[in-house]
**Q** 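Just passing along the structure, written as structure tokens.
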Amino acid sequence: MLRTWVIVAVSAAYLGLLFAIAYWGDKRARAGRSVINNGAIYALSLAVYATSWTYYGSVGRAASQGVGFLPIYLGPTLMVALGWLVLGKIIRISKRNRITSLADFVSARYGKSTLLGALVTVIAVVGIVPYIALQLKAISNTFNILRRHPEIVTTTELGSVPLLGDTALYAALLLAAFTILFGTRHLDATERHEGMVAAIAFESIVKLVAFLAVGVFVTFSVFTGFGDLFGQAAAVPELTRLFTLGAGSDYGTWMWLTVLSMLAILLLPRQFQIAVVENVDERHLSTATWLFPLYLLVINVFVMPVALAGLLRFGGGGVNPDTFVLALPMAEGQQALALLAFLGGLSAATGMVIVETIALSTMVSNSLVLPVLLRLDGWSWVRRRMARPRELGGLILGIRRVTIVLVLLLGFAYFRVAGEAPALVSIGLISFAAVAQFAPAVLGGLIDGSSVGGGTFDLGSATFDMTRTTGTVEARCFSTNEVRTPAAKLTTRCSDVTCSATCPRRASISCGLTVSTTVSAHSTASGLDSVAVTPFRSASSRARSSRRAVIMISSGLRPPERISPDTRASPILPPPRNATRLVIPRPSSTHLALLTR
């Protein structure tokens, strides 16, 4: 008999091991020795696609529709193996534009639209909540089934439990704590989490080993091999239909499920996070094109054998087919194997929840909450936090941590409301259909020249001390080709006025601020969140005041890029000590600050 404290202790130890791997991966990354700079690790991290839906739900679907479970894996196999050019282009565009989320990608490719990014974020959160509920349902049900070993109970026999006695609630809170430790311990400029990716790759190995162990045991220990198992199944008339395409699904269903899964491997927020944002080297795609499909093939080899074995073993006994992976070892008295099977399912669920909530928290903070706060810059507490980088970083981390907790609690609420009626696969298909809505925008955004909508970039109002320093806002329009040939140059002199510049369509706009010199700098609007002008001590011995203006450009999430001044610029006097510290808001979420010493 497996005691509850043993299951809890083993689960906690496993989660602790994941955290240790993540910590080690982050430590290696800080030392400049990336542990994920490997094509195999990248391919294994893509296997976060295999959630508890794959681990438990595929067997349940195979038990009712036979080979109808295959389209969910044919789609990703085709997309990664044949559509690597599409994924490669998405990665190149994201690296060039410093894109850190799916919402950021759509927004950047269509005129840097804040509203569009917020809309994508809301749809993603609403669509992914049922998927998170699926993971909580799998963890809660399998834990309650395993703790009653050797008795095998059905999910309906578990009955309804009080709110505070629901295992799913504590699973949600525990996963929220681990997710915060995994992904929001610090703010990274690139939104990459190398330690998390290393832990996800390890989890992919664990769930594969656990599922194969159950499959090998059922096929070669409970039965004498594939021939014996399939022979006994063929002798049962009710099971022979599972070997045909007509078992609960038709060709149209196969086609649309394949298309949905092809889109899901790109458009699920966790898959975009792993495949695009966490990508270290685009060349790793060449390894993923064969290793990831191989992974999906291997993990699905024993889906039909386990489903048929469960139907033969339990018949109409009422055991939920979604739990066959756990129930078969329990029925044979294999406690260690049952515990390993539970850890495999826990690994599949936790990996999805950790990456998904981190991706959603990034989208919510960057594309939903921060743009609203920037519009509330007139509020004193908002202005104080925005003006201080350290407090701004703490605010962003706080938003993400709260988002993680709220998303998981929403998933738990969905689980409580939906109950035990829907099968795991049915819940997962809701999320697949939701993210498929992004396909036209994302695929259309891959077309060259579609990255800018109106081409207008409003720098906002400039109010700063003009007594001893004059200012010029300089805007340059560049064409969207790689050469970045200047298409226009607009210069507006500012003195307590609103400065704006408009570029022609199909052009990206860059901006710079010049203070009494020819010093200027620029950055594409998609990556620009703040521009700070600070005094700079020149190396020129001829500079009477030895001070010049230097423009610092940062994206709010990335380290500032220091742009050297034009050494030919004539020296200027430093601004007075009581010069005004400038904060320049703009409607499109760009934050500019003039810092003077």
**Q** Can any side-chain N or O of Ser58 pair as donor or acceptor with the backbone N or O of Tyr55 at less than 3.5 Å?
**A** no

**Q** Closer than 3.5 angstrom, by distance alone: can the side chain of Ser64 be matched with the main-chain N or O of Arg61 as a donor-acceptor pair?
**A** yes

**Q** Taking atom types as modelled and ignoring hydrogens, do the side chains of Tyr73 and Thr54 form a donor-acceptor contact shorter than 3.5 angstrom?
**A** yes

**Q** Considering the options Thr357, Thr179, Asn366, which one meets the side-chain hydrogen bond (donor to acceptor under 3.5 Å, both in side chains) requirement together with Arg400?
**A** Asn366

**Q** Distance from Gln334 atom CD to Ser221 atom OG, nearest 0.5 Å?
**A** 6.5 Å

**Q** Looking at Leu446, is its backbone amide N or carbonyl O close enough to the side chain of Lys89 to form a donor-acceptor pair, meaning the two atoms are under 3.5 Å apart?
**A** yes

**Q** Is a donor on one side and an acceptor on the other found under 3.5 Å between the side chain of Gln271 and the backbone of Ala264?
**A** no

**Q** Identify the residue among Leu46, Leu266, Thr258, Leu296 that makes a side chain to side chain contact (heavy atoms under 4.5 Å, CB included) with Pro76.
**A** Leu296

**Q** Tell me if the centroids of the rings in Phe302 and Phe211 come within less than 6.0 Å of each other.
**A** no

**Q** List the steps, then state whether side-chain contact (heavy atoms from CB on, under 4.5 Å) holds for Leu17 with Phe202.
**A** CA-CA 10 Å; Leu17 176 61; Phe202 176 77; 3.8 Å; yes

**Q** Between Val125 and Val122, is any pair of side-chain heavy atoms under 4.5 Å apart?
**A** no

**Q** Only counting residues at least two apart or in another chain, list the ones meeting salt bridge (Lys or Arg N to Asp or Glu O under 4.0 Å) with Asp281.
**A** Arg283

**Q** Using every non-hydrogen atom in the two residues, find where Met330 and Ile145 come nearest and quote the distance to one decimal.
**A** CE-O, 3.4 Å

**Q** Verify ring pair (Phe, Tyr, Trp, His ring centres under 6.0 Å) between Tyr56 and Phe324, making sure each step is shown before the conclusion.
**A** CA-CA 8 Å; Tyr56 297 117; Phe324 280 173; over 10 Å; no

**Q** Is there side-chain contact between Val126 and Ile123, with heavy atoms separated by less than 4.5 Å?
**A** no

**Q** Could you check whether Glu282 pairs with Lys95 (Lys NZ or Arg NE/NH1/NH2 to Asp/Glu carboxylate O, under 4.0 Å)?
**A** no

**Q** Please determine, by modelled atom types, if Ser347 and Tyr14 share a side-chain donor-acceptor pair under 3.5 angstrom.
**A** yes

**Q** Apply ring pair (Phe, Tyr, Trp, His ring centres under 6.0 Å) to Phe432 and Trp53, showing your working.
**A** CA-CA 12 Å; Phe432 274 32; Trp53 176 354; 4.8 Å; yes

**Q** Give me the ring orientation class for Phe292 and Tyr49: parallel if the planes are under 30° apart, tilted from 30 to 60°, perpendicular past 60°.
**A** perpendicular

**Q** When rounded to the nearest 0.5 angstrom, what distance separates CZ in Phe217 from CG in Leu340?
**A** 12.0 Å

**Q** Please lay out, stage by stage, how Phe178 and Phe19 fare under the test ring pair (Phe, Tyr, Trp, His ring centres under 6.0 Å).
**A** CA-CA 8 Å; Phe178 269 89; Phe19 179 76; 7.0 Å; no

**Q** Compare every heavy atom of Val59 with every heavy atom of Pro321, then report the nearest pair and how far apart it is.
**A** O-CG1, 3.8 Å

**Q** How close do Val120 and Phe438 get, counting heavy atoms only, and between which atoms?
**A** O-CZ, 3.6 Å

**Q** Applying salt bridge (Lys or Arg N to Asp or Glu O under 4.0 Å), can you list everything that pairs with Glu203, at least two apart in sequence or on another chain?
**A** none

**Q** Any sub-3.5 Å donor-acceptor pair from Asn97's side-chain atoms to Ile99's backbone N or O?
**A** no

**Q** Roughly how far apart are Ile354 CD1 and Leu18 CG, rounded to 0.5 Å?
**A** 6.5 Å

**Q** Working to the nearest 0.5 angstrom, can you tell me the gap between Leu360 CG and Ser365 OG?
**A** 10.5 Å

**Q** Given 3.5 Å as the limit, does a donor-acceptor pair link the side chain of Ser261 with the main chain of Pro71, or not?
**A** yes

**Q** Are side-chain heavy atoms of Leu257 and Leu429 found at a separation under 4.5 Å?
**A** yes

**Q** Would you say Ile358 and Met196 make side-chain contact, with heavy atoms under 4.5 Å?
**A** yes

**Q** Walk me through whether Arg313 and Glu332 qualify under side-chain contact (heavy atoms from CB on, under 4.5 Å).
**A** CA-CA 10 Å; Arg313 176 68 172 78; Glu332 298 298 325; 3.5 Å; yes

**Q** Between the side chain of Thr240 and the main-chain N/O of Pro237, is any donor-acceptor distance below 3.5 Å?
**A** yes

**Q** Starting at CG of Leu136, measure out to CG of Leu175 and round the result to the nearest 0.5 Å.
**A** 6.5 Å

**Q** Using every non-hydrogen atom in the two residues, find where Ser45 and Ile274 come nearest and quote the distance to one decimal.
**A** OG-CG2, 3.4 Å

**Q** Minimum heavy-atom separation for Leu260 and Ala433, please, with both atom names.
**A** CD2-CA, 4.1 Å

**Q** Are any side-chain N or O atoms of Lys207 and backbone N or O atoms of Ala47, one a donor and one an acceptor, separated by less than 3.5 Å?
**A** yes

**Q** Side chains of Thr167 and Asn144: is there a donor and an acceptor less than 3.5 Å apart?
**A** yes

**Q** Less than 4.5 Å apart, any side-chain heavy atom of Gln135 and any of Glu356?
**A** no

**Q** May I ask you to test the Met363-Pro269 pair for a side-chain heavy-atom distance under 4.5 Å?
**A** yes

**Q** Over 60° means perpendicular and under 30° means parallel, so classify the ring planes of Phe412 and Phe415, tilted if in between.
**A** tilted

**Q** Could you grab the distance from atom CZ of Arg147 to atom CD1 of Ile7, nearest 0.5 Å is fine?
**A** 7.5 Å

**Q** Please identify which of these residues, Asn38, Asn279, Asn37, meets the side-chain hydrogen bond (donor to acceptor under 3.5 Å, both in side chains) condition with His284.
**A** Asn37

**Q** May I ask you to test the Val325-Thr142 pair for a side-chain heavy-atom distance under 4.5 Å?
**A** no

**Q** Under the criterion side-chain contact (heavy atoms from CB on, under 4.5 Å), I'd like the reasoning laid out for Phe342 against Val10: C-alpha separation, chi angles, the key distance, then a yes or no.
**A** CA-CA 10 Å; Phe342 172 75; Val10 171; over 6 Å; no

**Q** Minimum heavy-atom separation for Leu291 and Ala43, please, with both atom names.
**A** CD2-CB, 3.6 Å

**Q** Backbone N or O of Thr403 within a donor-acceptor pair of the Ser361 side chain at under 3.5 Å?
**A** no

**Q** For a side-chain contact (heavy atoms from CB on, under 4.5 Å) check, start with the C-alpha distance between Leu134 and Ser52, then their side-chain angles and the critical distance, and finish with the verdict.
**A** CA-CA 8 Å; Leu134 185 155; Ser52 59; 3.0 Å; yes

**Q** Do Thr323 and Asn320 have side chains that approach each other closer than 4.5 Å (heavy atoms only, starting at C-beta)?
**A** yes

